[in-house]
Undergrad: 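Take this structure first; my questions come after.
So that the names make sense, note that chain A is the first sequence line, chain B the second, and so on, each numbered from 1. Please read all numbers here as calculations on a predicted model, not as lab measurements.
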There are 2 protein chains.
Amino acid sequence: MLEKKIADKIHEIRKNKGLTLAQLGDATGLSKGLLSRIENNQVSPPIATLSKIARGLEVPIGIFFEEDETDREGYAVTYKNDRKQVIRRGTKTGFTYYSLTSLKSRHFIEPFIIRYPVIEKEPNKLFDHPGEEFLLVLKGEMDLVYGKKKIRLKAGDAIHFDPSTPHRGQNAGKEESECLVIVIDEDTLKAKS
Amino acid sequence: MLEKKIADKIHEIRKNKGLTLAQLGDATGLSKGLLSRIENNQVSPPIATLSKIARGLEVPIGIFFEEDETDREGYAVTYKNDRKQVIRRGTKTGFTYYSLTSLKSRHFIEPFIIRYPVIEKEPNKLFDHPGEEFLLVLKGEMDLVYGKKKIRLKAGDAIHFDPSTPHRGQNAGKEESECLVIVIDEDTLKAKS
DNA sequence: CTAAAAAGTTTAATAAAAGAAAAAATGTTT
DNA sequence: AAACATTTTTTCTTTTATTAAACTTTTTAG
């Protein structure tokens, strides 16, 4: 039941922040009695009221509507200096891959570091593949060519995208750029089931 | 204003689906008069009512609270300075999460930046969950407590592991440490098939 | 262990939203 | 442009949320 969860989330966040009903009442302009009944799921507050509560708790209101997060060796460390360079099929475009995992058992996350050298002329090849991809820029500046768009990303920026659209990463600065890439392969997903 | 947006979204989605107020009324069990006033922002409906509308429109209720609709494009950029802090339920352990995605459609990769403050005494809580996890240290030094082991990791080091073993990340130095974490949730995987 | 204080819950009165149906507006056909 | 049909808005009554204050439970202090 949706509102049950909301009630619990409000209660939990309030408690985590060490607030009393009276304090939250002050912060929101709502009576503590009402807050009590909301937390106990006795009333279904209007959006306006929930919005006040979110502001009072200093959380985005969307939190209340997010789906729940579930809650031998089993691991593989890759130390910075032990990164293993990988040759991936069909990547003759100058950049370098380093795998960040050595897990042999079936897994979904495929983590890489990619280094893009400075380029003179823009390549034209684009790649597409089913699955899901995530990229975090670690160093320098780069462009993600994505379909007809070109998205400029700097160190610390991230992008999460559907790789079935033709795309390509490339350096966009005067120094080498580096990024972390996570790929999930559709086939691996299917093999799971 | 929040509710204004919600009203507009309901109207837009309903129109997009080619539904009349009466049809949506049938689908939701609400009167068309009420729906009219909700769309015209004359009332602030309780969550229960909004929930019914979401079901009637066959959309996740969270849609009404999303900031923007980046999803249509197939990608979601998170610029370094726009990282959104996330409150994950049950994390009272001091560290801070930032989500690196705003994709709303079903996805597998859940990317976070986690900041670990310097600690005095070691916490004792461990977390375990089904799925798969990957971690890359971006700054500082940290320990991954994994079952009975403690794995020391420095900037640039990575670990790929099975999160069903109880585990915890924690700072292991004199300055704040930071890491990228990728989680894949088992439930999401199952939902796929 | 008891008293006082703080936190939380319930009660009774008021304000606001929901349902049903009438009125207005919009669109279509002739 | 009139008449009809459909969609939307408004009206009136009923139901529900909200406040303020009384009440109960839990925590703190002596």
Undergrad: Nearest 0.5 angstrom please: B/L21 CG to B/H11 NE2, how far?
TA: 8.5 Å
Undergrad: Tell me: NZ of A/K32 to C1' of D/dT24, nearest whole Å?
TA: 12 Å
Undergrad: B/F65 vs A/F65 aromatic rings, parallel, tilted or perpendicular, using cut-offs 30° and 60°?
TA: parallel
Undergrad: Would you mind classifying the nucleic acid contact of B/L35 as base, sugar-phosphate or nothing, using non-hydrogen atoms under 4.0 angstrom?
TA: nothing
Undergrad: Figure out the CG/P separation between A/D26 and C/dG8, and round it to whole Å.
TA: 13 Å
Undergrad: More than 12 heavy atoms of other residues, nucleotides or ligands under 6.0 Å from CD of B/E58: is that the case?
TA: no
Undergrad: If I take atom CG in residue B/L21 and atom C1' in nucleotide D/dT6, what distance separates them, rounded to the nearest angstrom?
TA: 12 Å
Undergrad: D/dT8, OP1 or OP2 - any side-chain N/O from B/S36 closer than 4.0 Å?
TA: no
Undergrad: Counting N and O atoms only, with roles assigned by atom type, does the side chain of A/S177 sit under 3.5 Å from a partner on the main chain of A/M142, one being a donor and the other an acceptor?
TA: no
Undergrad: Which sits closer to the 5' end of DNA chain D, A/R37 or B/H11, going by the nucleotide each is nearest to?
TA: B/H11
Undergrad: Please answer whether the main-chain N or O of A/F127 pairs with a side-chain N or O of A/H167 as donor and acceptor at a distance below 3.5 Å.
TA: yes
Undergrad: From C/dA12, D/dT8, C/dA18, pick the nucleotide closest to the side chain of B/R14?
TA: D/dT8
Undergrad: Any base atoms under 4.0 Å from B/K52, or only sugar-phosphate, or nothing? Heavy atoms, all strands.
TA: nothing
Undergrad: So what does B/Q42 touch, heavy atoms closer than 4.0 Å: a base, only the sugar-phosphate, or nothing?
TA: sugar-phosphate
Undergrad: For C/dG8 and A/K15 - does any side-chain N or O of the residue sit under 4.0 Å from the phosphate oxygens OP1/OP2?
TA: yes
Undergrad: How long is the straight-line distance from CD1 of B/I10 back to CG of B/L35, given to the nearest 0.5 Å?
TA: 8.0 Å
Undergrad: Rounded to the Å, how far apart are A/L34 CG and C/dG8 C1'?
TA: 14 Å
Undergrad: How many Å lie between CG on A/N41 and P on D/dA17, as a whole number?
TA: 10 Å
Undergrad: Output yes when at least one side-chain N/O atom of A/T49 is less than 4.0 Å from OP1 or OP2 of D/dT18, else no.
TA: yes
Undergrad: What nucleotide among C/dA18, D/dT9, C/dT10 has an atom nearest to a side-chain atom of B/N40?
TA: D/dT9
Undergrad: Estimate the overall bend of the helix from C/dC1-D/dG30 to C/dT30-D/dA1 from the end axes over five pairs each, rounded to 10 degrees.
TA: 40°
Undergrad: Show your reasoning for whether salt bridge (charged side-chain N to carboxylate O under 4.0 Å, His left out) applies to A/E122 and A/K150.
TA: CA-CA 12 Å; A/E122 188 161 304; A/K150 188 185 286 185; 3.0 Å; yes
Undergrad: Can you tell me the distance, in whole Å, between the CD1 atom of B/I10 and the P atom of D/dT8?
TA: 14 Å
Undergrad: Nearest whole Å is fine: how far is C/dG8 P from A/I38 CD1?
TA: 14 Å
Undergrad: Across the strands shown, which category fits B/T20 at heavy-atom distances under 4.0 angstrom: base, sugar-phosphate, nothing?
TA: sugar-phosphate
Undergrad: Nearest whole Å is fine: how far is C/dA6 C1' from A/Q23 CD?
TA: 11 Å
Undergrad: Under 4.0 Å, heavy atoms only, any strand: does B/G29 hit a base, just the sugar-phosphate, or nothing?
TA: sugar-phosphate
Undergrad: Within the 4.5 Å heavy-atom criterion, are A/Q23 and A/R14 side-chain neighbours or not?
TA: no
